[in-house]
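Every number for a ligand or one of its atoms is a count from 1 in the order of the listing.
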Amino acid sequence: MSQKSIIILGIESSCDDTSAAVLKEAKILSNIIANQEIHKSYGGVVPELASRAHQQNIVPVVNEALKIANIKKEELDAIAFTRGPGLLGSLLVGTSFAKSLSLALNIPLIDVNHMHGHVMAHFIDEGKKMPTFPFLCLTVSGGHTQIVLVKSYFDMEVIGETLDDAAGEAFDKSAKILGLEYPGGPLIDKYAKQGNQEAFKFTKPRVGNIEFSFSGLKSNILQVIQRASQKNPDFIKDNLYDLCASIQYTIISILLEKIDNAVKKTGITQIAIAGGVSANSGLRNALIEREKTHKWSVFIPKFEYCTDNAAMIAISGYYKFQDEQFANSSVSANARMKL
Ligand code: KG4
Ligand code: ZN
């Protein structure tokens, strides 16, 4: 008799997206994401509003994920949820929901580190080649910028990270200076396609070999724009596309320079990217180019697995399930959880 497939419900609520996914073995059957539009008008995520929106969204999002997957609650083998890092109020909603559901269904509960999830998105089975161990993963999101040395499914070492802002913040804060809506990363990406990336030069940080820093870049962009706007009040409007292209080019050059250094340091040439900023078309194209010029093997996730999603939590849960790494019912959210 063949063994029954493992079916897992993943839940992600670490920031401003409420997401639920159903996985069968390493394949994703559904991945529902409810974005919270409410933060747009505030220019950033408002934690209190985020947790309230998670409370409203979580039941319909989970029901939708089960419905699309055509799976009944009783068929689930385990519930995997994001324990941290993230906004505490947001994490609490997913954590308490996952705990109650696992208790009600009497099935194991699996706590997942959000950053582990971003890396693990590479192991979702989509019929494509997957990285083998060891590989390097550049995890670039709104809250983190890390180069991770991935030695196994569970052994991941951060070998370089940002000293201040994350790459996603660099995109979002630059976008704010340009008067664009939050989150500005995708808009910079969109407008950059029509601009000249060499139109403006911005300063790059001087930090360690595989460390990042983006706060100086933000001040430099602000200075350049303020100075030019004094002479021409329409400076941003007149140069929006070139500004976006130049900002994106600078951020990507910083990321690439650090990956180059990490490759030199470790000798590893399997390079993966993860996190919201890995949706950036400039970064994706630059890495595809490096695959040819540097003979790297590059791994780029599907768009829906780049930004926050529960599929990545479900796949982490799947590997932890097989290794019997379960949480007990007293597990609590951890806003500052380390990888
Ligand atoms: O991983 P994620 O969804 O949430 C966190 O864990 O932070 O990342 C969100 C970040 C935001 O800063 C957003 O602006 C950025 O990812 N982002 C992008 C793009 N899509 C999302 N940045 C640049 N280009 C994009 N296409
Ligand atoms: Zn994330």
P183-ligand 1 polar pair, N/O distance under 3.5 Å: no
Distance-only side-chain donor-acceptor flag, E291 / S297, under 3.5 Å: no
For atom 1 (O) of ligand 1, the option (of I252, N309, D308, I251) bearing the nearest heavy atom: D308
Heteroatom distance test (E169, ligand 1): nitrogen or oxygen, under 3.5 angstrom: no
Which word best sums up how the rings of H294 and W296 line up, parallel for under 30°, tilted for 30 to 60°, or perpendicular for over 60°? perpendicular
Using a cut-off of strictly less than 2.8 Å, determine whether C15 has an N/O/S atom near the Zn ion (ligand 2). no
So, K27 and E25, do they make that salt bridge, N to O below 4.0 Å? no
Do any nitrogen or oxygen atoms of F171 lie less than 3.5 angstrom from nitrogen or oxygen atoms of ligand 1? no
Give a yes/no answer: is there an N/O/S atom of H118 under 2.8 Å from the Zn ion (ligand 2)? yes
Is any N or O atom of G184, backbone or side chain, closer than 3.5 Å to an N or O atom of ligand 1? no
Under 4.0 Å from a heavy atom of G276: which atoms of ligand 1 are those, numbered in the order shown and with their elements? 1 (O), 2 (P), 8 (O), 16 (O), 17 (N), 18 (C), 19 (C), 20 (N), 21 (C)
Is the distance from the ring center of F321 to that of F326 below 6.0 Å? yes
Any N/O pair H118/ligand 1 closer than 3.5 Å: yes
Atom name in H114, limited to N/O/S, at shortest distance from the Zn ion (ligand 2): NE2
Could you check whether S14 and E12, counting side-chain N and O atoms only, form a donor-acceptor pair closer than 3.5 Å? yes
Would you say the ring centers of F133 and Y153 fall short of 6.0 Å from each other? yes
Protein contact to atom 9 (C) of ligand 1 [nearest heavy atom, distance to 0.1 Å]: G142 N, 3.7 Å
Ignoring hydrogens, what is the shortest heavy-atom contact between A80 and V112? Give both atom names and the distance. CB-CG2, 4.2 Å
Is D17 close to ligand 1, meaning an N/O of one under 3.5 Å from an N/O of the other? no
Looking only at distances, can you tell me whether any N or O atom of T307, backbone or side chain, sits closer than 3.5 Å to an N or O atom of ligand 1? no
Check if C15 has a non-hydrogen atom at a distance under 4.0 Å from any atom of ligand 1. no
Go through the side-chain N and O atoms of H114 and D308 and say whether any donor and acceptor fall under 3.5 Å apart. yes
Report yes or no: does H114 have a heavy atom closer than 4.0 Å to ligand 1? yes
